[in-house]
Amino acid sequence: MAHPKLLLCLSALALSCSGSDPASADRQPRVVCTTAMIGDLAREVAGDTASVTTLFGPDMDPHLFRPTRDDVKVLMGADLVLYNGLHLEGYLTEALERVGASGVEVVAVAEQVLLEDELISDGAAPDPHVWMDPSIWSRVPALIAGELTERRPDDATALSARATTMTARLTRADQRFEASFAELPRAHRVLLTAHDAFQYFGRRYDLEVRGIQGVSTTSEASLSHIEALVEIVVERQIPAVFFESTVSERSVKALVEGARALGQDLQIGGVLHADAPGSAETYEGMLASNVKTILGALSVGFADAEVTR
Ligand SMILES: [Zn+2]
């Protein structure tokens, strides 16, 4: 006779397998997003027409995320999966391929909204941090509305209206940020961050960006790279470097110590939210928080530059 515990496991397995009921026209489509930068917009656009789940928690590093069996189950049960792409979700790629092969529609959002000449790449590796430029990310609501309209044609008008509202909000924020950064003197326009997540942001607002770690956090910064950055900090008298909520503080602290040993009083400018909203809670919140933190730290000795809120 089978052990009772085994029977329990088997019946749980049977239950989980029977979850793929045929989609009825009335049932809300299940949308699973990887990052909050996609999930927040999907939730806003979907309203009550779809159920939206975000896989990565608010403090999770997407470069290091490894899916559990439960995560794969959530993905398999979706009608639509929205992920970033451009190798952001490195360890999730295989699972996403399997989910796609099982018949679930899987859409790489960043790859879809980027125009060909907008992609930033570091040698061979594409830079996945596209959401950091809200003038590009403001195209995501229309993409989501299009995907949901295919599944809920009767809601086309409402979906399109919500997407338009969302896009307008992001565009207004982007213009405010642009005006604020325009006040910053040229010499202050160096953004030194824990990992290289701010290239799209820097291009949009005309800041020179240097990451201590590369475009992914899967490998640590080398000592020679930190030494090279220390030289730049001292030479250009860069006032601040920033922590990131999802990245280890170790390499940032090494840079600060290196610069101070050479007499440059490099300050910690605050915590930025690059790959997850963290305490800023939402995609829009993280953008606003980053702009405020960066302007606050880089405006040292230049009191006129303030964030227009
Ligand atoms: Zn990143």
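Since this is a predicted model, take the numbers as computed values, not measurements.
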- request: Output, in order, the C-alpha distance, side-chain angles, deciding distance and verdict of side-chain contact (heavy atoms from CB on, under 4.5 Å) for Asp117 and Leu115.
  value: CA-CA 6 Å; Asp117 60 351; Leu115 304 178; 3.9 Å; yes
query: Given the rule in the side-chain contact (heavy atoms from CB on, under 4.5 Å) test, do Leu287 and His273 qualify, once you have shown the distances and angles that lead to the verdict?
result: CA-CA 8 Å; Leu287 287 176; His273 308 287; over 6 Å; no
message: The test is side-chain contact (heavy atoms from CB on, under 4.5 Å); show your working for Ser299 and Leu184 and say whether it passes.
response: CA-CA 7 Å; Ser299 303; Leu184 202 62; 3.6 Å; yes
field: Pair Asp155-Leu148, side-chain contact (heavy atoms from CB on, under 4.5 Å): steps then yes or no
entry: CA-CA 9 Å; Asp155 295 313; Leu148 291 177; over 6 Å; no
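In terms of modelled atom types and a separation under 3.5 Å, the side chain of Asp174 and the main chain of Leu170 share no donor-acceptor contact. The backbone N or O of Gly77 sits less than 3.5 Å from a side-chain atom of Arg30, completing a donor-acceptor pair. Side-chain atoms of Glu183 never come within 3.5 Å of backbone atoms of Ser180 as a donor-acceptor pair (strictly under, hydrogens ignored). Between the side chain of Tyr200 and the main chain of Asp127, a donor-acceptor pair closer than 3.5 Å is present. Side chain of Trp131 to main chain of Ala274: a donor-acceptor pair is present (N/O by atom type, distance under 3.5 Å, no hydrogens or angles). Between the side chain of Asp71 and the main chain of Thr68, a donor-acceptor pair closer than 3.5 Å is present. Using a distance-only test at 3.5 Å, with no hydrogens or angles considered, a donor-acceptor pair links the side chain of Thr293 to the main chain of Ser289. Thr167 places a side-chain N or O within 3.5 Å of a backbone atom of Ser138 that can act as its donor or acceptor partner. Side chain of Asp79 to main chain of Val31: no donor-acceptor pair is present (N/O by atom type, distance under 3.5 Å, no hydrogens or angles). Remark: side-chain polar atoms of Trp137 are paired, donor with acceptor, to backbone N or O of Met37 under 3.5 angstrom.
Cluster partners of Ile226, using a side-chain heavy-atom cutoff of under 4.5 Å among ILVMFWY residues and allowing indirect links, are Val190, Leu192, Ile212, Leu229, Val230, Ile232, Val233, Val234, Ile238, Val241, Phe243, Val252, Leu255, Val256, Leu262, Leu266, Ile268, Val271. Summarising the hydrophobic clusters (Ile, Leu, Val, Met, Phe, Trp, Tyr; side-chain heavy atoms under 4.5 Å, direct or chained), the residues clustered with Leu96 are Val32, Leu55, Phe56, Met60, Phe65, Val72, Val74, Leu75, Met76, Val81, Tyr83, Leu92, Val99, Val104, Val106.
Not counting sequence neighbours, the partners of Leu64 by the side chain to side chain contact (heavy atoms under 4.5 Å, CB included) test are Asp61, Thr217, Thr218. Residues satisfying the side chain to side chain contact (heavy atoms under 4.5 Å, CB included) test with Asp59, not counting sequence neighbours, are none. Not counting sequence neighbours, the partners of Glu220 by the salt bridge (Lys or Arg N to Asp or Glu O under 4.0 Å) test are Arg250. Residues satisfying the side chain to side chain contact (heavy atoms under 4.5 Å, CB included) criterion with Ser222, sequence neighbours excluded, are Ser224, His225. Applying the salt bridge (Lys or Arg N to Asp or Glu O under 4.0 Å) rule to Arg169 yields the partners Glu44, Glu284; only residues at least two apart in sequence or on another chain are considered. Asp40 pairs by the side chain to side chain contact (heavy atoms under 4.5 Å, CB included) definition with Ala36, Arg43, Thr282, Tyr283, not counting sequence neighbours.
When hydrophobic clusters are built by joining Ile, Leu, Val, Met, Phe, Trp and Tyr residues whose side-chain heavy atoms come closer than 4.5 Å, directly or via intermediates, Met132 is grouped together with Ile38. A single hydrophobic cluster is seen to contain both Val52 and Ile144, as judged by linkage of ILVMFWY side chains at heavy-atom distances under 4.5 Å, directly or through other members. Linking Ile, Leu, Val, Met, Phe, Trp and Tyr residues whenever their side-chain heavy atoms come within less than 4.5 Å leaves Phe242 and Val247 in two separate clusters. Leu119 and Val215 sit in two unconnected hydrophobic clusters of ILVMFWY residues. Membership requires side-chain heavy atoms under 4.5 Å apart, directly or through other members.
Every pair tested for salt bridge (charged side-chain N to carboxylate O under 4.0 Å, His left out) that includes a residue from residues 188-201 fails, sequence neighbours excluded, so the list is empty. Identified under the salt bridge (charged side-chain N to carboxylate O under 4.0 Å, His left out) test for residues 87-107, with sequence neighbours left out: Glu105-Arg151. Residue pairs satisfying the salt bridge (charged side-chain N to carboxylate O under 4.0 Å, His left out) criterion with at least one member in residues 237-249, sequence neighbours excluded, are listed as follows: Glu249-Lys253.
Annotation: side chain of Pro58 is not in contact with side chain of Glu281 (no heavy-atom distance under 4.5 Å).
Smallest separation of non-hydrogen atoms from Ala95 and Pro67: CB-CG, 4.4 Å.
Between Phe198 and Tyr205, the gap from one ring centroid to the other reaches at least 6.0 Å. His87 has its ring centre no less than 6.0 Å from the ring centre of His63.
Ion pairing between a basic and an acidic side chain is recognised when a charged N comes within 4.0 Å of a carboxylate O; Arg210 and Glu208 show such pairing.
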Validation: residues 156-164 side-chain donor-acceptor distances under 3.5 Å, sequence neighbours left out:
residue	atom	partner	partner atom	Å
Arg162	NE	Val45	O	2.8
Arg162	NH2	Val45	O	3.4
Arg162	NH2	Ala46	O	3.0
Thr164	OG1	Ser160	O	2.8

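We find the NE2-OG distance between His195 and Ser251 to be 11.0 Å, quoted to the nearest 0.5 Å.
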